[in-house]
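Contents: one structure, followed by commentary.
All values below were derived from every heavy atom in this structure, side-chain atoms included, with hydrogens, water molecules and symmetry-related copies excluded. We count residues from 1, following the sequence as given.
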Amino acid sequence: MEDVRGPEVGGKPVASEASDSSDGTVGKALTVLDTVASYGRPVRFGELLADSPFPKATLYRLMQVLTKQSMLTYDPDRQTYAPGLRLVRLAHSAWQSASLAPVARPYLEALSAEVGETVHLAQLDGGQVLYVDKINARDPLQMYSQAGKVGPVYCTGVGKAMAAFLPAADQEKLLLQQSYHPFTAHTLSTPDDLRAELHAIVERGHAYDREEHEPGIICVAVPIITRAGRVLGAVSVTSSTERTSLDGLDAHLPRINDAVSSIAGEAQDWRFPDAAE
């Protein structure tokens, strides 16, 4: 099954016009918003046009409508577009109501302070990982992951930790959505390789990133699961091969499991109740 976000180019999701045309104007407008937000800075129309699947006239019309509706803001002096206040308010509301982040933040901060490493919180978003929060280590590492970014499932610790505990049909669907692009020499390159890894993760209860997404970056990750077995997200402790090893990260598992247990209990009771236990 094709990932509706489309492929990623330069870290930014790119959608084809053909895939968005079936969604009409709303789908096209959301594609434009995704593209603007992906830059992480104000962006000129010409830059957007270079990345856009839409003709110049269509893109310009969409930008005008989105600006008029305060979903985008336009700086006439610099001639740049950026996410508007209305979009920011909607994003904050979604973060508060649908994300684990507000529940998990105090536990993530405490975990990072205890272990002295970077801590991630992630959830599944379609066929990808969405990083919903990140607490940097005392000595931060340069790495791809940031809150709000999406990443692959098949080569990240948090992605594999969540995928391993999905129902069989959902897991198989997720496996078919992966690109299996070899980011490093350690990246799992086939669905069969990933299936074997997910089986091992279920056996031991946690996942690793063995420099599979970025050279030198390793992590151990634990899924957040409700009492009824529903996967809510995952927490990872991330470091580098220069600072530690996978065995060194294993030493943090008791603290990670305590944090995950606390997050799961509070999230289920408050925000993500199961329909049936």
Decide yes or no for [X] and [Y]: does some side-chain heavy atom of the first lie under 4.5 Å from some side-chain heavy atom of the second?
X	Y	value
Phe54	Val32	yes
His252	Glu114	no
Leu108	Lys134	no
Ile256	Val220	yes
Val235	His120	no
Phe45	Tyr74	no
Leu124	Leu166	yes
Lys68	Gln64	no

message = Testing the 3.5 Å rule here: is there a donor-acceptor pair between the side chains of Tyr180 and Asp193?
response =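 No pair is found: no donor N or O on one side chain lies under 3.5 Å from an acceptor on the other.
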query = Between Thr187 and His213, is any side-chain donor less than 3.5 angstrom from a side-chain acceptor?
reply = no
Rounded to the nearest 0.5 Å, how far does [atom2] of [Y] lie from [atom1] of [X]?
X	Y	atom1	atom2	answer
Ile224	Ile263	CD1	CD1	4.5 Å
Lys28	Ser52	NZ	OG	10.0 Å
Thr241	Ile218	OG1	CD1	6.5 Å
Leu33	Ser38	CG	OG	11.0 Å
Leu174	Lys160	CG	NZ	13.0 Å
Asp133	Arg105	CG	CZ	4.0 Å

ask   = For Ile225 and Arg230, what are the C-alpha separation, side-chain angles and deciding distance, and is it a side chain to side chain contact (heavy atoms under 4.5 Å, CB included)?
value = CA-CA 5 Å; Ile225 302 175; Arg230 183 157 60 106; 5.9 Å; no
Under a single-linkage definition using a 4.5 Å side-chain heavy-atom cutoff for Ile, Leu, Val, Met, Phe, Trp and Tyr, are [X] and [Y] assigned to the same hydrophobic cluster?
X	Y	result
Leu72	Tyr60	yes
Val43	Leu49	yes
Val26	Val65	no

Looking only at non-hydrogen atoms, find the nearest pair between [X] and [Y] and report the distance.
X	Y	result
Glu211	Thr184	O-OG1, 2.6 Å
Cys219	Thr238	CB-OG1, 3.4 Å
Val129	Pro152	CG2-O, 3.7 Å
Ala161	Ala234	CB-CB, 4.3 Å
Ser112	Glu117	OG-O, 2.8 Å
Met63	Tyr81	CE-CG, 3.3 Å

query = Between Gln128 and Gln177, does a side chain to side chain contact (heavy atoms under 4.5 Å, CB included) hold up when you go through it step by step?
reply = CA-CA 8 Å; Gln128 301 180 91; Gln177 290 177 304; over 6 Å; no
task = Count the heavy atoms of every other residue, nucleotide or ligand shown that sit under 6.0 Å from CZ of Arg41, and state whether that count exceeds 12.
result =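 More than 12 heavy atoms, drawn from other residues, nucleotides or ligands, come within 6.0 Å of this atom.
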task = Test side chain to side chain donor-acceptor pair (under 3.5 Å) on Tyr107 and Asp258 and set out the steps.
result = CA-CA 9 Å; Tyr107 302 107; Asp258 286 346; over 6 Å; no
Looking at [Y], is its backbone amide N or carbonyl O close enough to the side chain of [X] to form a donor-acceptor pair, meaning the two atoms are under 3.5 Å apart?
X	Y	answer
Tyr154	His181	yes
Gln178	Gly127	yes
Glu47	Arg44	yes
Ser261	Asn257	no
Arg86	Gln69	yes
Glu212	Leu188	no

task = Would you mind checking if Glu197 and Arg204 are paired as a salt bridge, meaning a charged N to carboxylate O distance below 4.0 Å?
result = yes
ask   = Could Lys173 and Asp170 be called an ion pair, given the rule that one side-chain N must be under 4.0 Å from one carboxylate O?
value = no
key: Positive for side-chain contact (heavy atoms from CB on, under 4.5 Å) with Ser239, one of Thr244, Thr118, Ile217   = Thr244
task = List the steps, then state whether side chain to side chain contact (heavy atoms under 4.5 Å, CB included) holds for Val150 with Tyr131.
result = CA-CA 6 Å; Val150 294; Tyr131 293 97; over 6 Å; no
